[in-house]
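Counting convention: from 1, in listed order, for ligands and their atoms alike.
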Amino acid sequence: MTVVIENVKAREIFDSRGNPTIEADVILSDGTLGRAEVPSGASTGDREAVELRDGGTRLMGKGVLKAVANVNGKIKKALIGQDPCQQAEIDKIMIDLDGTPNKARLGANAILGVSMATARAAAASKHLPLYRYLGGVDLELPQPFFNVINGGVHADSGIAVQEFLITPIERTSFRDGMEKIANIYHTLKKVLAKEGYETAVGDEGGFAPKLSSTEEAIEMLYRAIKEAGYEPGSEIGIAIDPASSEFYSDETHKYSFEGKELDSDELLVYYQKLVAEYPALISIEDGFSEHDWDGFKKQTDVQGKQIQLIGDDIFVTNPKIFKEGIDKGVANSILIKLNQIGTVTETIDTMKMARANGYTTMISHRSGETGDTFIADFAVAMNAGQIKTGSMARSERVEKYNQFLRIEEELGGNVGLAHFPKR
Ligand SMILES: C=C(OP(=O)(O)O)C(=O)O
Ligand SMILES: [Mg+2]
């Protein structure tokens with residue numbers, strides 16, 4: 001007998017910042033339950049799909065009861081009796097039901113919760129792990145990027161750059177890479193403390209010290225990497241996400257960066273200096289604002305052959321916007337966040353587009369997260385190549401990395417390791 005969707009149900013839960021978010025259940029006719037929790041960003045791109053919030057005074061207007069009602073009402077009615085294995089069809093039904101270009105009516109949070117829960121239910125019904133159900137047989141574990149110093153809107157450290165990430169370029173397994181990062185993470189804590197800095201952590205579990213500059217943050221990383229016994233560059237790479245839309249002015253077209261007002265050309269010169277000074281720096285995400293496509297394009301022309309340039313806010317995982325970027329030659333990599341676009345199917349479409357056009361992909365968590373480890377399975381299933389999901393000090397982040405350890409064990413070493421191209 002064909003298994004069909006028998007019930008769809010959502011509830012309001014809380015994320016890692018204490019904000020309400022949505023959890024969705026999809027229940028099948030064979031009794032299987034698929035459940036998913038939806039994350040939420042802080043440095044969001046303007047053109048992300050709409051996260052529906054209630055407004056009003058309850059929970060400072062951040063409640064998601066409208067999105068919950070949309071799942072328990074319209075979405076449930078449209079999906080009952082559907083085949084859960086037809087992910088593309090399920091997602092299309094919800095996209096059509098919403099009827100807006102940015103999921104503003106039903107809410108991308110409502111739609112994504114059900115989209116992910118459907119995949120989970122279908123996988124469980126077929127007695128397959130999620131990564132296997134979505135990905136088939138030819139699987140690869142991604143290169144992980146750990147955000148060990150938090151700035152921007154993710155911490156009150158006062159650092160303009162939002163994320164300083166380290167990645168184990170040299171590793172024999174996912175576990176081996178994670179052990180190296182754990183050693184560096186603990187060493188970094190000692191290095192910061194020795195310099196008299198705070199070692200409290202930011203939203204993504206990285207330290208949030210009040211450092212004076214980006215250079216000082218990178219110097220701390222170099223010290224921690226070396227003191228932990230590794231070589232910056234050949235063994236451990238460094239990446240940054242300035243999330244520069246946050247410090248760009250649409251009026252003056254300038255970037256307020258570390259006490260200076262820089263135009264695009266000056267910011268590019270700064271990035272060139274950084275890359276020249278620190279050979280371990282292999283990747284810059286959102287170096288330019290989502291409103292400064294010319295600046296991003298110029299950076300791609302100048303640095304695109306040398307390092308990875310990731311578009312996050314500028315592409316928002318949206319295949320239509322990303323296509324414009326590809327046509328204009330902007331960036332050489334794309335950050336992938338399921339809730340920026342709102343369905344599993346559209347996310348897969350964007351990733352396929354990236355692959356077809358020679359862009360690398362990095363799957364990403366959001367700064368407001370839950371315990372859901374969907375993106376770990378998804379990264380393996382999609383052979384994403386790279387993932388960033390925070391640091392070592394917050395369990396909603398570590399759980400995702402731990403899921404890779406489980407997958408690696410399940411596959412018994414019979415799995416490839418994605419490797420970042422060395423500079
Ligand atoms: C993960 C990020 O932050 P947020 O979730 O706040 O957008 C990011 O900018 O890459
Ligand atoms: Mg970003």
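A salt bridge links K92 to D96: at least one charged side-chain nitrogen sits closer than 4.0 Å to a carboxylate oxygen. One finds a salt bridge joining E23 and R35 here, because a Lys/Arg side-chain nitrogen approaches an Asp/Glu carboxylate oxygen to under 4.0 Å. The pair E48-R366 meets the salt-bridge criterion, since a charged nitrogen lies less than 4.0 angstrom from a carboxylate oxygen. Ion pairing between K388 and D312 fails under the 4.0 Å rule for side-chain N and carboxylate O.
Residues passing the side-chain hydrogen bond (donor to acceptor under 3.5 Å, both in side chains) test with D91, sequence neighbours excluded: Q87, S115, T345. With sequence neighbours left out, the side-chain contact (heavy atoms from CB on, under 4.5 Å) criterion links E227 to T187, V191, K194, R223.
When R406, Q403, E410 are each tested for a side chain to side chain donor-acceptor pair (under 3.5 Å) with Y131, only one passes: E410.
Sorted by chain and number, the heavy-atom contacts of ligand 1 below 4.0 Å come from G41, A42, S43, H154, Q162, E163, E204, D241, E285, D312, L335, K337, S364, H365, R366, S367, K388.
Panel detail: the Mg ion (ligand 2) has protein N, O or S atoms under 2.8 Å away, 3 in number.
Counting heavy atoms from C-beta outward, S245 and S43 have side chains that stay 4.5 Å or more apart.
Aromatic ring centroids of Y185 and F207 lie under 6.0 Å apart.
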